[in-house]
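Structure first, then comments.
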Amino acid sequence: MKQVKFGSEDLAVSSVILGCMRINNAKDPVKVIETAVENGITFFDHADIYGQGSCESIFADALAKTNYKREDLFIQTKCGIVPGVMYDFSKKHIIEAVEGSLTRLRVDYVDALLLHRPDTLFEPEEVAAAFDQLAADGKVKYFGVSNQNPGQIDLLKKYVRQPLLANQLQFGIKHSEMIDRGLHVNMTDAGSFDHDGGILEYSRLHDMTIQAWSPYQYGFFDGVFIDNEKFPELNQKLQEMAEKYKTTPTGIASAWILRHPANMQVIAGTMTPHRIEEIAKASEIEMTREDWYSVYLAAGNILP
């Protein structure tokens, strides 16, 4: 399993993360965890809202049936969304959310806490106070954000003393906007539109690890592009590359993300053991520059 540096910390973590949003639908959660760890995936991503909290509880129950020790795993969770109501970065909500996650996960601490989608009403001083308390109490080791742009991150960093190490962003072959803008500099076409304030370059400049969520999706949760008849050219290229690198189209879609030098992780949300295994193995693939661009072009992108 390829390892990547976690933000600015001197800490190596698995380049593939097992996203636990669907573990409440897994046929055998124990097998899911065991398959992940056996293939080098020791990083598990949660959120307090996944399954209305049930996903964290199911993970804890399954983990208790394995032989793995808590310290052998990197457990991350997220907070800040009140589903269908609001986003909430108040100190009270952050503290209570973490306490709830710790209870459900049956752990004394989480390795990382990310603030889920941005709360436009947030007071950065409150976030800073919450982070200070959680760090002082030993309940959170590292901190980060999710779906935030450079300005939002810099505003937080003005007040928060702990380094922000990671940012979860949707990224993949069919969600390459953060790359498109950089390739279409000084152009006026659709690819030149700045969707995110230059978050790719910002992340590299500030040693923030990008965690790519929904890496196999297209559109706004429209579905998976792999083996989808809507994308014949892309799937033909994925199959060609899969044969060349002795993997699967899913493996190529994962390797394509990890080939980028921006220190990314892939969040694999599958609960199917054989897919977990193929994604893990694909982390070792080093695509050539030419092959990487050929996949990018097959997805319908252009080079100006």
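Please read all numbers here as calculations on a predicted model, not as lab measurements. All values below were derived from every heavy atom in this structure, side-chain atoms included, with hydrogens, water molecules and symmetry-related copies excluded.
- If you chain together hydrophobic residues whose side chains sit under 4.5 Å apart, V110 and L164 fall into the same group.
- Heavy-atom minimum distance, A97 versus R104: O-NH2, 4.4 Å.
- Within 6.0 Å of NZ on K65 lie no more than 12 heavy atoms contributed by other residues, nucleotides or ligands.
- Checked for salt-bridge contact, R181 and E177 miss the test: no charged N lies under 4.0 Å from a carboxylate O.
- With hydrogens and angles ignored, the 3.5 Å screen pairs no side-chain donor or acceptor of S283 with any backbone N or O of I279.
- The nearest pair of heavy atoms linking P29 to I58 is CG-CG2, 3.9 Å.
- A salt bridge links K139 to E99: one of the charged nitrogens lies within less than 4.0 Å of a carboxylate oxygen.
- For the pair L114/V145, no side-chain contact is recorded, criterion being any heavy-atom separation below 4.5 Å from C-beta on.
- Under the 3.5 Å distance criterion, the side-chain polar atoms of Q239 are left unmatched by any main-chain donor or acceptor of P249.
- The nearest pair of heavy atoms linking D111 to L73 is OD2-O, 3.4 Å.
- Residues R259 and R289 meet the side-chain proximity criterion, which asks for heavy atoms closer than 4.5 Å.
- Residues M21 and M271 are members of separate hydrophobic clusters, defined by side-chain heavy-atom contacts under 4.5 angstrom among Ile, Leu, Val, Met, Phe, Trp and Tyr.
- Aromatic ring orientation, W256 versus Y296: parallel (interplanar angle below 30°, classes split at 30° and 60°).
- Taking the six-membered ring where tryptophan is involved, the planes of H46 and F59 are perpendicular, since the angle between them exceeds 60° and thus also 30°.
- Under the 4.0 Å criterion applied to side-chain N and carboxylate O atoms, K237 and D291 are not assigned as salt-bridge partners.
- Residues R204 and H260 meet the side-chain proximity criterion, which asks for heavy atoms closer than 4.5 Å.
- Within a 6.0 Å radius of CD in E290, other residues, nucleotides and ligands contribute 12 heavy atoms or fewer.
- In the hydrophobic clustering of this structure, L183 groups with F171; members are Ile, Leu, Val, Met, Phe, Trp, Tyr whose side-chain heavy atoms approach within less than 4.5 Å, directly or through other members.
- By the 4.5 Å heavy-atom criterion applied to side chains, F143 and L134 are counted as neighbours.
- Residues L234 and V295 meet the side-chain proximity criterion, which asks for heavy atoms closer than 4.5 Å.
- Within 6.0 Å of the CZ atom in F221, the count of heavy atoms belonging to other residues, nucleotides or ligands exceeds 12.
- Atom CZ of R22 is surrounded by 12 or fewer heavy atoms from other residues, nucleotides or ligands within 6.0 Å.
- The number of heavy-atom neighbours closer than 6.0 Å to CG of D72, taken from other residues, nucleotides and ligands shown, is above 12.
- Counting heavy atoms from C-beta outward, L63 and F44 have side chains that stay 4.5 Å or more apart.
- Under the 4.5 Å side-chain contact rule for hydrophobic residues, L238 and V224 share a cluster.
- No continuous path of ILVMFWY side-chain contacts below 4.5 Å connects M1 to F43, so the two sit in separate hydrophobic clusters.
- Contact detail for G19 and I267: the closest heavy-atom pair is CA-CG2, 3.7 Å.
- Shown here is D108, whose CG atom has no more than 12 heavy atoms of other residues, nucleotides or ligands within 6.0 Å.
- Looking at heavy atoms from C-beta onward, H206 lies out of side-chain contact with I153 at the 4.5 angstrom threshold.
- Qualifying ring-ring contact (aromatic ring centres under 6.0 Å, His included) partners for Y50, counting only residues two or more places apart in sequence or in other chains: none.
- Remark: Q236 CD is loosely packed, at most 12 non-hydrogen atoms of other residues, nucleotides or ligands lying under 6.0 Å away.
- Residues F89 and R117 come closest through the heavy atom pair CZ-O, 3.2 Å.
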side-chain hydrogen bond (donor to acceptor under 3.5 Å, both in side chains) between E34 and T66, worked out: CA-CA 7 Å; E34 290 178 338; T66 72; 5.8 Å; no

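- The CG atom of L121 lies 8.5 Å from the CD atom of E123; values are rounded to the nearest 0.5 Å.
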